[in-house]
Structure formats: structure tokens, C-alpha cells
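For reference, the structure discussed in these notes is given below.
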Amino acid sequence: MLNINTATAEEIDNVSILKGHGFEIVRYREDRGRFTALRQLDEVPGLSGKTQGVETVLSVD
């Protein structure tokens, strides 16, 4: 399982659901701090409503 708070943009891009969004996710995390819940991914530009099923491959530990 991949931790969304420590993963690199490249690692995130390897998750098929998030492919191509790694840079934006890392930038969001750097600007706003650690994710406390996976539902916050919907706040990342370009991801709203596209994150269904990420809980099977991501964690926020």
C-alpha cells in the first residue's frame, strides 16, 4: 500500500487511477500539508470525482 503523504510524484503516477496526477498531488501536499483523509484528493485540481477506489492502493498513515 502506498502512503499518499510520503509517495513521490512518480510513485503516484504508477497508480492507474491517479496516472498523470502525481505532480499535482505532491504540489498540493507541499502547499497545504499532509493529507489526513483520502477524500481530500477530491480537492486536488483535476481529481474531483475521479478517486473512487483509491483506498485499495493508498493510505494516509
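Computed from a predicted structure; not experimentally measured.
- Annotation: the span from Thr56 atom OG1 to Leu38 atom CG amounts to 10.0 Å, rounded to 0.5 Å.
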Can you give me every donor-acceptor pair (side chain of residues 46-54, partner residue at least two apart or in another chain, under 3.5 Å) with its distance?
unit_1, atom_1, unit_2, atom_2, d
Lys50, NZ, Gly46, O, 3.3
Thr51, OG1, Asp42, OD1, 3.1

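- Nearest heavy atoms, Leu2 versus Val15: CD2-CG2, 3.9 Å.
- Atom CG of residue Leu58 and atom CD1 of residue Ile25 lie 7.5 Å apart, to the nearest 0.5 angstrom.
- Partners of Thr36 by side chain to side chain donor-acceptor pair (under 3.5 Å), not counting sequence neighbours, listed by chain and number: Gln40.
- Residues Asn5 and Asp61 fail the side-chain proximity criterion, which asks for heavy atoms closer than 4.5 Å.
- Here ring pair (Phe, Tyr, Trp, His ring centres under 6.0 Å) pairs that include residues 25-44, with residues two or more places apart or in two chains, are Tyr28-Phe35.
- Residue pairs satisfying the salt bridge (Lys or Arg N to Asp or Glu O under 4.0 Å) criterion with at least one member in residues 26-37, sequence neighbours excluded, are listed as follows: Glu24-Arg27.
- Under the 4.5 Å side-chain heavy-atom criterion for Ile, Leu, Val, Met, Phe, Trp and Tyr, Val57 and Leu18 are members of the same hydrophobic cluster.
- Shown here for Glu55 and Met1, the closest heavy-atom pair between the two residues is O-CE, 4.0 Å.
- The list of salt bridge (Lys or Arg N to Asp or Glu O under 4.0 Å) pairs with a residue in residues 2-15, not counting sequence neighbours, is empty.
- In this structure the side chain of Ile4 reaches within 4.5 angstrom of the side chain of Ile12, judged on heavy atoms.
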